[in-house]
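Structure first, commentary second.
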Amino acid sequence: DALGWSNGQFSVVENVTGYKLNDQWGLISIANQQVTKPVYNSLIPAPPNLFIASRQSSLSLRISTGCINALGKIIIPFQYAGMRIHNSRAVVYTLDGGVLKYGLIDLNHKLLIPQVYQNIYPLGSLRFGVQNFQQKTALFSENGKQLTPFDIDSLSPLQNDLAVIYKNGKQGLMNREGMVIQEPTFREI
């Protein structure tokens, strides 16, 4: 029915692309050889050379998300409501009692930050902003180490190893290790 990806884009990754047949997606090689059967509800490429796929759970009507490689091998099991891959890490989330809870794993499915947070987002340079359910943010390393307490309102992406921190309507500066370089006392930086 279609070639490319379920998001409407087209690209070739590791000599494969997506194909759609009977409203389901699979992987096909550029030599027109079927790599996987069309069993996925969605299929999109995600660096580095992986594919985020979703499929209906065999136990329920719930759609589960996981990650496969160019050979169709499952890299991250289909147990999440969704995921976003950032370099060698994946922000994953599940629905728990009607609430999305975010965590961080590596691409070997090792848990780095447990799925108990309201949001996790990359800040660049292998750092992540983690927001708790009290609307406070902390800086975490790519290995899941908490570098600051949850006392920041929000963080900007890192630029030149510095992030603007927002606290009580004021702005300051923090380095990538979580050290405050300038206390948040300014209206704007």
Side-chain angles (χ1 to χ4, degrees), residues 1-133 140-146:
D1 298 337
L3 286 175
W5 309 108
S6 57
N7 62 4
Q9 303 292 316
F10 178 84
S11 64
V12 174
V13 179
E14 296 273 314
N15 294 318
V16 299
T17 192
Y19 74 99
K20 183 179 181 182
L21 185 63
N22 298 325
D23 233 16
Q24 296 285 70
W25 291 88
L27 288 177
I28 192 167
S29 73
I30 58 173
N32 203 27
Q33 299 295 313
Q34 189 182 62
V35 176
T36 69
K37 294 184 184 293
V39 295
Y40 302 109
N41 292 52
S42 68
L43 186 62
I44 57 170
N49 302 326
L50 296 173
F51 306 92
I52 296 174
S54 66
R55 66 182 184 197
Q56 188 168 343
S57 170
S58 59
L59 303 175
S60 70
L61 296 176
R62 181 173 279 177
I63 301 293
S64 299
T65 301
C67 192
I68 62 174
N69 66 13
L71 301 174
K73 179 183 174 200
I74 295 173
I75 303 300
I76 298 173
F78 287 82
Q79 65 186 50
Y80 300 102
M83 74 175 58
R84 300 182 309 258
I85 294 181
H86 305 282
N87 296 319
S88 60
R89 302 294 184 254
V91 174
V92 294
Y93 50 96
T94 54
L95 193 60
D96 182 13
V99 176
L100 287 176
K101 293 190 176 177
Y102 288 77
L104 186 73
I105 61 173
D106 67 14
L107 297 183
N108 293 318
H109 200 234
K110 177 184 173 192
L111 182 67
L112 301 172
I113 300 175
Q115 284 182 253
V116 296
Y117 295 105
Q118 184 172 358
N119 195 13
I120 297 178
Y121 51 95
L123 298 171
S125 301
L126 299 175
R127 294 293 186 258
F128 292 87
V130 178
Q131 184 182 41
N132 65 17
F133 284 95
F140 278 69
S141 75
E142 73 280 7
N143 295 322
K145 180 181 178 190
Q146 185 173 341

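Atoms considered below: every heavy atom in the structure, side chains included; atoms not considered: hydrogens, waters and symmetry mates.
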Please tabulate, one pair per line, all N/O donor-acceptor pairs under 3.5 Å involving side-chain atoms of residues 114-122, not counting sequence neighbours.
{"unit_1": "Q115", "atom_1": "NE2", "unit_2": "T94", "atom_2": "OG1", "d": "2.9"}
{"unit_1": "Q115", "atom_1": "NE2", "unit_2": "K101", "atom_2": "O", "d": "3.4"}
{"unit_1": "Q118", "atom_1": "OE1", "unit_2": "Q135", "atom_2": "NE2", "d": "2.9"}

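- Taking CD of Q56 as the reference point, atom CZ of R62 lies at 12.0 Å (rounded to 0.5 Å).
- Annotation: the span from I75 atom CD1 to N69 atom CG amounts to 4.0 Å, rounded to 0.5 Å.
- Partners of S54 under the side-chain hydrogen bond (donor to acceptor under 3.5 Å, both in side chains) rule, at least two apart in sequence or in another chain, are S42.
- Rounded to the nearest 0.5 Å, atoms CD1 (I28) and OG1 (T17) are 9.0 Å apart.
- L43 approaches W25 most closely through the heavy-atom pair CB-CB, 3.9 Å.
- Pairs of residues two or more places apart, or lying in two chains, never qualify as salt bridge (charged side-chain N to carboxylate O under 4.0 Å, His left out) while including a residue from residues 43-56.
- For the atom pair CG of D1 and CG of L21, the computed distance is 5.5 Å after rounding to the nearest 0.5 Å.
- Taking CD1 of I44 as the start and CG of L50 as the end, the distance is 11.5 Å to the nearest 0.5 Å.
- Applying the side-chain hydrogen bond (donor to acceptor under 3.5 Å, both in side chains) test to pairs two or more places apart or on separate chains, those with a residue in residues 6-15 are W5-S11, E14-N49.
- In terms of modelled atom types and a separation under 3.5 Å, the side chain of R89 and the main chain of L104 share no donor-acceptor contact.
- Shown here for Y93 and M83, the closest heavy-atom pair between the two residues is CE2-N, 3.7 Å.
- Here side-chain hydrogen bond (donor to acceptor under 3.5 Å, both in side chains) pairs that include residues 26-41, with residues two or more places apart or in two chains, are Y19-Q34.
- For residues 72-85, the set of pairs meeting the side-chain hydrogen bond (donor to acceptor under 3.5 Å, both in side chains) definition, not counting sequence neighbours, comprises Y80-H109.
- For the pair N108 (side chain) and K110 (backbone), a donor-acceptor distance under 3.5 Å is absent.
- In this structure the side chain of P45 reaches within 4.5 angstrom of the side chain of F51, judged on heavy atoms.
- Smallest separation of non-hydrogen atoms from V35 and A70: CG1-O, 3.4 Å.
- Atom CG in L126 sits 6.0 Å away from atom CG in N87 (nearest 0.5 Å).
- A46 and I85 get closest at one heavy-atom pair: CB-CD1, 3.8 Å.
- I105 approaches L111 most closely through the heavy-atom pair CG2-CA, 4.0 Å.
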